[in-house]
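These notes concern the structure reproduced below.
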Amino acid sequence: MKNVFIILKEAEEFLTSHNITEAKLDAEVLLCDVLNMERKILPTRRNSIITNEQYNLFQKYIKRRTTGEPVSYITGCTEFMGLKFKVSPDVLIPRQETEILVETANNFIKKNNCKKVLDLCTGSGCIAVSVAKYNKDIFVTASDISEHALNIAKENAELNEVNSRTNFIQSDIFNNIEKKFDIILSNPPYVTEEEYKKLEKELYFEPKLALTADDNGLYFYKFIAAQAKNYLNNDGIILLELNANLSKEIESLFKDFGKTEIIKDYSGLDRILFIRGI
């Protein structure tokens, strides 16, 4: 049997030949999952020999990756805000850009003694769980229309030990929500049908329901703009992740609120809309 160094080298070359851009990283992450070890330990195991069973599983993983299937779906987990999250094709894979929304919420919570948070279109629960994890005195309600997504979100709340301070509700946006909140958060579906046709192949493995929105990508933003005041406490705020191509149109939907501000992401794109209620 070949050692870890040779196995990784062959996997990297194979992935590269199939136009996988992060071939080295992907091979390492997949092998670490097979071996149940942290990636930082991998350099110390270059000469280690793995079992036939481990090798065969790794080869299956590599072949799945060549189809474009995201690494996170193959391993069933990913990292967000320094926390581990389970993922499946029923939910979007959390993106680094979404951490800006969580960080903005955390800063506001700490400065304003917030107690109740609502996360709409929660998906994997990465936003709700992260906010609950880093703010010990709050309670987070999270909703999603997908029962399968909510099951994943509940698992992630338990995994990160915040299930006692999170509540998950099956709801189409506000439909089954009854209380008022200090903060409303959402990373809603916002990809237009035209944009969807041009996405990278990896994204077609993710649920279209969680990606695309009617009304040229504005459907969920319009619904939130029309209904949010009924669910927002005085001096509360709304934080929304933006479709950067529609940021000005989205911001204009909230002109009747007290204040709006667009926060840019690491690439300089419009990423988060900060809305202060009246």
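The model shown is predicted, which means the values in this text are computed figures rather than measured ones.
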Listed by chain and number, what are the side chain to side chain contact (heavy atoms under 4.5 Å, CB included) partners of D90, not counting sequence neighbours?
S88, H148
Which atoms form the tightest heavy-atom contact between L15 and T66, and what is the distance?
CD2-CG2, 3.8 Å
Going hydrophobic residue to hydrophobic residue with side-chain gaps under 4.5 angstrom, can you get from L159 over to Y73?
no
Closest non-hydrogen atom pair, L242 against Y221
CA-OH, 3.5 Å
Check R39 against P43 and note the closest heavy-atom contact, atom names and distance.
O-CD, 3.6 Å
Quick one: list whatever passes side chain to side chain contact (heavy atoms under 4.5 Å, CB included) with S72, sequence neighbours left out.
T78, V87, I93
ILVMFWY network linking I62 to L42, side-chain heavy atoms under 4.5 angstrom:
yes
Note, V140 side chain near V162 side chain (heavy atom, < 4.5 Å)
no
Can you check whether D256 reaches K229 side chain to side chain, under 4.5 Å on heavy atoms?
yes
With sequence neighbours left out, what residues match E195 under side chain to side chain contact (heavy atoms under 4.5 Å, CB included)?
V191, T192, N243, N245
Less than 4.5 Å apart, any side-chain heavy atom of N176 and any of S143?
no
Under the rule for ring pair (Phe, Tyr, Trp, His ring centres under 6.0 Å), what residues qualify as partners of Y196, not counting sequence neighbours?
Y204
Below 4.5 Å, heavy atoms only, C-beta onward: do R65 and E202 meet side chain to side chain?
yes
With no hydrogens and no angle check, is any side-chain donor or acceptor of N175 less than 3.5 Å from a backbone partner on S171?
no
Side chain to side chain donor-acceptor pair (under 3.5 Å) filter on K116, not counting sequence neighbours, yields none
I224 vs L120 side-chain heavy atoms within contact, under 4.5 Å:
yes
Please report the shortest heavy-atom distance between S124 and F85, naming the atom on each side.
O-CD2, 4.5 Å
Between D26 and I20 the two heavy atoms that sit nearest each other are OD2-CG2, 3.4 Å
What residues, two or more places apart in sequence or in another chain, satisfy ring pair (Phe, Tyr, Trp, His ring centres under 6.0 Å) together with F254?
F257
Who pairs with Y231 by ring pair (Phe, Tyr, Trp, His ring centres under 6.0 Å), at least two apart in sequence or on another chain?
F174
Other than I145, which residues form its hydrophobic cluster under the rule that side-chain heavy atoms must be closer than 4.5 Å?
L209
Side-chain heavy atoms of R271 within contact of E241, under 4.5 Å:
yes
For I7 versus F58, what's the shortest heavy-atom pair and its separation?
CG2-CE2, 3.4 Å
Among residues two or more places apart or on two chains, list those pairs meeting salt bridge (Lys or Arg N to Asp or Glu O under 4.0 Å) that have a residue in residues 91-110.
R95-E206
The criterion is side chain to side chain contact (heavy atoms under 4.5 Å, CB included); which residues satisfy it with R64, sequence neighbours excluded?
Y61, E69, I74
Is the shortest distance from a Lys or Arg side-chain nitrogen in E28 or K40 to a carboxylate oxygen in the other one below 4.0 Å?
no
Taking C-beta and beyond as the side chain, do L8 and E12 meet within less than 4.5 Å on heavy atoms?
no
Side chains of S247 and D270: is there a donor and an acceptor less than 3.5 Å apart?
yes
Do T104 and N107 come within less than 4.5 Å of each other through their side chains, counting heavy atoms only?
no
Suppose we screen for side chain to side chain donor-acceptor pair (under 3.5 Å). Which residues come up paired with E251, at least two apart in sequence or across chains?
T260
Do I250 and I262 share a hydrophobic cluster, counting only Ile, Leu, Val, Met, Phe, Trp and Tyr and linking them when any side-chain heavy atoms are less than 4.5 Å apart?
yes
Residues pairing under salt bridge (Lys or Arg N to Asp or Glu O under 4.0 Å) where one sits in residues 207-217, two or more places apart or in two chains, turn out to be E193-K208, D215-K222
